[in-house]
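A short write-up of the structure that comes next.
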Amino acid sequence: MSTDIFYKFDNILHDLCKKLINNNVIRDDIKLQNIKFEIPKDENHGDLSTNALLVLAKESNITFKEFSDFLISNLMDTEEVEKVVLAGPGFINLYLKNSIWHSCLESINNQKKDFGFENIGNNQKVNIEYVSANPTGPLHIGHCRGAIIGDTIANLYKKMGFDVIKEYYVNDAGGQIIELTKSVIYRYKLLSGLTETSNDEDIEYKGEYLQPITENIYKQYGPELLDMDSDKYTSIIRDHTISFILKIIKKDLKKINIQHDLFFSEMSLIRNNELNTCLDNLRNKNLLYHGVLQKPKKIIVEDYDEREQELFKSTNYGDDIDRAVTKNDGSHTYFASDIAYHYNKFNRGYSRMVNVWGADHAGYLKRVKGALDAITDGEASLNIVLCQLVKLFREGKPVTMSKRSNQFITINEVVDEVGCDALRYMMLFRKNDAPLDFDFSKVTEKSRDNPVFYVQYAYARIFSVSRKLQELNINISFDYKDLSDTDYTLLNDIQEIKLIKKLAHFPKILQQTLQNHEPHRIAYYLYELSSDFHTLWNKGNDNENLRFINIDNKDLTKSRISLLLAISNVLKSGLDIIGVNSPQEMN
RNA sequence: GCGCCGGUAGCUCAGUUGGAUAGAGUACUUGACUACGAAUCAAGGGGUCGGGGGUUCGAAUCCUCCCCGGCGCACCA
């Protein structure tokens, strides 16, 4: 596989450099990491290319010519090197023999479904938090980009050997919940005839989804619920409403193939006194103080009330201003409980954390990272993945969503219209820090313009070959058992070699995706791999010798089926990570 | 005003972490189905990588200053 090839040739190169160092040709303080082999963009530049000459020639005390002769002749002597060329401003390009790609494919097939997934996590615990939408209503389309990005990142971490927990933080303690509860109490009053006026101007949540919840409460507690103590019935209605809405949310998430391992309650942090402990901890570190925040300049803040609050010194951690941990009414801020929440994760053994947020929370990043840094003495690492907003279109025209008029499109509706596969793929087919245009008409289109279809079609096409084999009564199946004696050296068409090279990139793509938390890389890679496959297929249309099934030549057929098996495996591995089905037939 | 994110072909976007002549799709033009799925493929034109300056063998990528667009900016979440 390619990482092996890189490793092998980098080692050879570094050994040559060490030789030069020992002979005092170059200085011994040269950083060898900077001298490496890369895959050239342009196929004409060979299979591997090194910058060694560019980096080192100036540093050496021999001539450029002597230097290049030394490197080239040594590389030429390396096994499986076809030719070595000095090119461009000083690159050394390596052209490898096909045999290296044959053994590469064999190695891929030996690894079977494990190919690409190196165990780099070594069972380290990782906490991945995503969605975490307020439990005040069904999830809408705006939530689903972060949901899908988070879920894909979590799937990948798992496959790379980490001990992953998928987590959802439930904000069940704030002011939004008080408003939500008021809204349900209002409906309850209407239902039980306690009020006849339909004056709902003070009611913040007006969605119809609250009606079945209210009816459910009415059914369970009858019309006399409000005879109880106000605190008591409020608490009953609140808890009932939250758990009902969480059920809806879980159902919505399941529809897009997401299941969290833990729904963590903000309220529990307060009840268990973890929040106070946490703030004490920061006070002891001298990171909380009482002070007054200035009114922000140049923007209009209504009801600004200058007062003293308890503040966290987030400016110590790169933030613009210090941030409040207490509100006007003396209760804690959302930020305060968020500190406690992250500290709780840390105490559960998750020193490595990933959060997925919408870009509208970007301003919140520094204070949370700072607070976590403070409270764990820098022992936790928190990666925050920000994703930009989604703009909806239908037939090229923007679809407006407004919270006020209650016109938001739920995840439920979108999935029913376009399907989970298309939704998940589209949400990943863009860099997460670029805004995403989501056009309903485009994601259901069956064309090259729609990547999910294009990739799934490639996968199904491969299995059509399997069906054809049966039809022709050829005794070869898509199974490693049948292919153990494959002669890989029969694969010599330029497009076949190109496909093997592409497959060989897969492990590197996965590592880059993990390292940067950029799942779109997988979606793009699968698209390119599919494209290379479709090309080979059509070459077979033009040239019978290149068809996968060759009735007169069973060995050749076997070698090609082995290639198909490897492609289908990588496609499936990739699609599994991004949570999209791999159908063996299209319908 | 401050902060974060964008600006790459007519349009929608990638760009191997600093590499060579910057790539796909789409649109437009033209060609390939007596077929292992044409729902696909092949070929062609199309660019001051927002602009200036800097760093070096080498910049779309790093630094700096501007321009344009999006989001955020006591307390809410």
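As a basis for the values below, the full set of heavy atoms in this structure was taken, side chains included, without hydrogen atoms, waters or symmetry mates.
Taking atom NZ on A:Lys442 and atom P on B:A27, their separation rounds to 8 Å, with Å as the unit. In this entry the distance linking CZ of A:Arg521 with P of B:A24 reads 18 Å, nearest Å. In this entry the distance linking OH of A:Tyr454 with P of B:A24 reads 12 Å, nearest Å. Rounded to a whole Å, the OH atom of A:Tyr527 is 15 Å from the P atom of B:G15. Taking atom CG of residue A:Asp360 and atom P of nucleotide B:C5, one finds them 15 Å apart after rounding to whole Å. Atoms CG (A:Leu86) and P (B:A20) sit 16 Å apart, rounded to a whole Å. Taking atom CG of A:Leu389 as the reference point, atom C1' of B:G6 lies 12 Å away to the nearest angstrom. Distance CD1 (A:Ile35) to P (B:G19): 16 Å, rounded to an integer number of Å.
Residue-level contact check: A:Glu585 touches the bases, meaning some heavy atom is under 4.0 Å from a base atom. Counting non-hydrogen atoms under 4.0 angstrom, A:His45 reaches a base of the nucleic acid. Counting any heavy atom pair closer than 4.0 Å across all strands shown, A:Ala458 reaches no nucleic acid atom. The residue A:Ser464 sits close to a base: some heavy atom pair falls under 4.0 Å. Looking at heavy-atom distances under 4.0 Å, A:Leu293 makes contact with sugar-phosphate atoms alone, never a base. Counting non-hydrogen atoms under 4.0 angstrom, A:Ser466 reaches nothing in the nucleic acid. The residue A:Asn93 sits close to a base: some heavy atom pair falls under 4.0 Å. If you check every strand for non-hydrogen atoms under 4.0 Å, A:Arg461 touches sugar and phosphate atoms only. Backbone-only engagement by A:Asp433 is indicated by non-hydrogen atom pairs under 4.0 Å involving sugar-phosphate atoms exclusively.
Remark: ring of A:His361 not stacked against base of B:G72; the cut-offs of centroid gap under 5.5 Å and plane tilt under 30° are not jointly satisfied. Here A:Phe453 packs flat against the base of B:A39; its ring centre is closer than 5.5 angstrom to the base's six-membered ring, tilted by less than 30 degrees.
Salt bridge status for A:Glu445 with A:Lys442: absent, with no side-chain N to carboxylate O gap under 4.0 Å. Remark: A:Lys36 engages A:Glu38 in a salt bridge, criterion side-chain N to carboxylate O under 4.0 Å. Salt-bridge check for A:Glu544 with A:Arg547: failed, with every basic side-chain N at 4.0 Å or more from each acidic carboxylate O. Look at A:Lys182 and A:Glu204 and you find no salt bridge, because none of the NZ, NE, NH1 or NH2 atoms lies under 4.0 Å from a carboxylate O. Comment: A:Lys501 engages A:Asp47 in a salt bridge, judged by a side-chain N to carboxylate O separation of less than 4.0 angstrom.
Across all strands shown, nothing is found opposite B:C49 as a Watson-Crick or G-U wobble partner with both distances under 3.5 Å. Of the nucleotides present, B:G31 is the one that pairs with B:C41 by Watson-Crick or G-U wobble criteria, both distances under 3.5 Å. Across every strand in view, B:G1 sits in a pair with B:C73 that passes the Watson-Crick or G-U test at under 3.5 angstrom. Pairing for B:G58 is absent, with no Watson-Crick or G-U wobble pair whose two atom distances lie under 3.5 Å. In this structure, B:G10 forms a base pair with B:U26, meeting either the Watson-Crick or the G-U wobble geometry with both donor-acceptor distances under 3.5 Å.
Residues A:Leu526 and A:Tyr425 form a side-chain contact, since some pair of their non-hydrogen atoms from C-beta on lies under 4.5 Å apart.
Looking at which nucleotide of RNA chain B each of A:Ala359 and A:Ser531 is closest to, the 5′-most match is held by A:Ser531.
The A:Asp320 side chain lies nearest to B:G3 when the options are B:G19, B:C36, B:G3. Distances were taken from every side-chain heavy atom of A:Gln176 (C-beta onward) to each of B:C57, B:A77, B:C36; the shortest belongs to B:A77. Of the candidate nucleotides B:G3, B:C36, B:G19, B:G3 has the atom lying nearest to any side-chain atom of A:Lys366. The side chain of A:Asn538 sits closest to B:C41 out of B:G19, B:C41, B:A77. For A:Tyr457, the listed nucleotide lying nearest its side chain is B:U40; candidates were B:U40, B:A77, B:C75. The side chain of A:Leu386 lies closest to B:C4, out of B:A20, B:C76, B:C4.
Between A:Trp537 and the phosphate of B:A38, there is a side-chain N or O to OP1/OP2 separation shorter than 4.0 Å.
Taking the six-membered ring where tryptophan is involved, the planes of A:His361 and A:Trp357 are tilted, since the angle between them lies from 30° to 60°. Using bins of under 30°, 30° to 60° and over 60° for the plane-to-plane angle, the ring pair A:Phe533/A:Phe548 lands in the parallel bin.
No hydrogens or angles were tested; on distance alone, a donor-acceptor pair under 3.5 Å links the side chain of A:Ser49 to the base of B:A20.
The backbone N or O of A:Ser331 lies less than 3.5 Å from a partner atom in the side chain of A:Asp329, making a donor-acceptor pair.
Counting only N and O atoms by type, the side chains of A:Ser265 and A:Asp172 include a donor and acceptor under 3.5 Å apart.
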Return a single string for nucleotides 7-14 of chain B, one symbol per nucleotide in 5' to 3' order, where B is base contact, S is sugar-phosphate-only contact and - is none, cutoff 4.0 angstrom on heavy atoms. -----SSS
